[in-house]
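Take a look at the structure below.
Side chains included, hydrogens not; waters and symmetry mates left out as well; all remaining heavy atoms used. The chains referred to below are lettered A, B, ... by the order of the sequence lines, with proteins before strands, and numbering in each begins at 1. Fair warning: this is a prediction, and the values are worked out from it, not measured in the lab.
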There are 2 protein chains.
Amino acid sequence: MKAANSDVSSSLQQTAEKCAITKDVLRRIGDKWSVLIIMALSEGSLRFSELARQIPDISQRMLTLTLRALERDGLVVRTVTPIVPARVDYALSALGQSLQEPVVALGRWAFTHQDEVKMAREAFDALRPDTETAIET
Amino acid sequence: MKAANSDVSSSLQQTAEKCAITKDVLRRIGDKWSVLIIMALSEGSLRFSELARQIPDISQRMLTLTLRALERDGLVVRTVTPIVPARVDYALSALGQSLQEPVVALGRWAFTHQDEVKMAREAFDALRPDTETAIET
DNA sequence: CGGCATCCTTGTAGATACTG
DNA sequence: CAGTATCTACAAGGATGCCG
């Protein structure tokens, strides 16, 4: 760990380091619901039940768990209003809003290139009808 | 589904549509290894065994499956040189290279904000020692 | 060398029922 | 209303061994 080495290996080091962190974030928001929740909250705070309605196929459990994870990472803010029945609102934090930018960038890529991907898949499947891949469609 | 409606609802429609596609892409590259492979191939093509060496903890099985999935989506190009022993090279396609841009954007976000996330987690864990979240550390 | 087959463990997620 | 608790399923992923 000599200082003299740092400029030599810094590029690769940083690259490797960034890869790991990138992988981490991608796994965090790469799950089934995080992005949908972040998108749903982009236009303002929502209550638990409103979120559940906007994301039709999510179960209460998964909504709770995903919100909890997002809250833990400081991406969403949870506000409890102590009335009966209880009212709980969720909103994006500043950090969560800043995350939106790269996420929608990825969304734009997906939208722009969706046809290329679809065609690539069809071409691949035509040649290799039942090849097992890591993620099924 | 009247045409007259399209301009009214187009914004929300497109948003919902983009969400779905974004979610799709994120799940595709949000798996454990895809990003690492894409990053590893960013500087040029690599052989199967070279990839395995650059990504120390990946199993042969997962390397094969992930490469196959990336190949199917047209992100990676597989080249077999029919000599013995066989030589197989993997490289990013143009599509794969274009994907790198938004991915490294996300990587930059992760790198920039890693401390904020870490602190948020610690603060959260301090208050709620053993809350179950969707994704464990 | 590259990769497929098999077996096995773990993680992710859904359904359902129950509580303050 | 906004969650927990429990139980179950299936898919991701790892270990190992064999093959062209």
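- Phosphate proximity of D:dA2 to A:R78: absent, as no side-chain N or O sits under 4.0 Å from OP1 or OP2.
- Sequence neighbours left out, not one pair with a member in residues 95-117 of chain B passes salt bridge (charged side-chain N to carboxylate O under 4.0 Å, His left out).
- Contact annotation: B:R27 side-chain N/O to C:dT12 OP1/OP2 distance is not under 4.0 Å.
- For B:R87, the salt bridge (charged side-chain N to carboxylate O under 4.0 Å, His left out) partners are B:D89, not counting sequence neighbours.
- Every residue two or more places apart in sequence or in another chain that forms a side-chain contact (heavy atoms from CB on, under 4.5 Å) with A:V80 is listed here: A:R78, A:V88.
- Distances shown here put a side-chain N or O of B:R47 below 4.0 Å from the OP1 or OP2 atom of C:dG2.
- A side chain to side chain donor-acceptor pair (under 3.5 Å) check over residues 33-42 of chain A, counting only residues at least two apart or in different chains, returns the pairs A:R28-A:S34, A:D31-A:S34.
- For D:dG3, neither phosphate oxygen OP1 nor OP2 lies less than 4.0 angstrom from any side-chain nitrogen or oxygen of A:R87.
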Taking only nitrogen or oxygen atoms into account, show me every contact under 3.5 Å that the protein makes with nucleotides 14-20 of chain C, one pair per line with its distance.
{"unit_1": "C:dG14", "atom_1": "OP1", "unit_2": "A:K32", "atom_2": "NZ", "d": "2.9"}
{"unit_1": "C:dG14", "atom_1": "OP2", "unit_2": "A:W33", "atom_2": "NE1", "d": "3.3"}
{"unit_1": "C:dG14", "atom_1": "O6", "unit_2": "A:R61", "atom_2": "NE", "d": "3.3"}

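- Listed by chain and residue number, A:T79, A:S93 satisfy the side-chain contact (heavy atoms from CB on, under 4.5 Å) test with A:V77 (two or more places apart in sequence, or in another chain).
- Under the rule for a side-chain contact (heavy atoms from CB on, under 4.5 Å), the partners of A:A110 that lie at least two apart in sequence or sit in another chain are B:I21, B:V25.
- Judged as a salt bridge (charged side-chain N to carboxylate O under 4.0 Å, His left out), not a single pair has a partner in residues 46-55 of chain A (not counting sequence neighbours).
- The side chain of B:S49 lies closest to C:dC1, out of C:dC4, C:dC1, D:dA2.
- For the helix from C:dC1-D:dG20 to C:dG20-D:dC1, the terminal axes (five pairs an end, C1' atoms, rotation from four pairs onto the next four) enclose an angle of 50°, given to 10 degrees.
- Phosphate contact (OP1/OP2 of C:dC1, side-chain N/O of B:Y90, threshold under 4.0 Å): absent.
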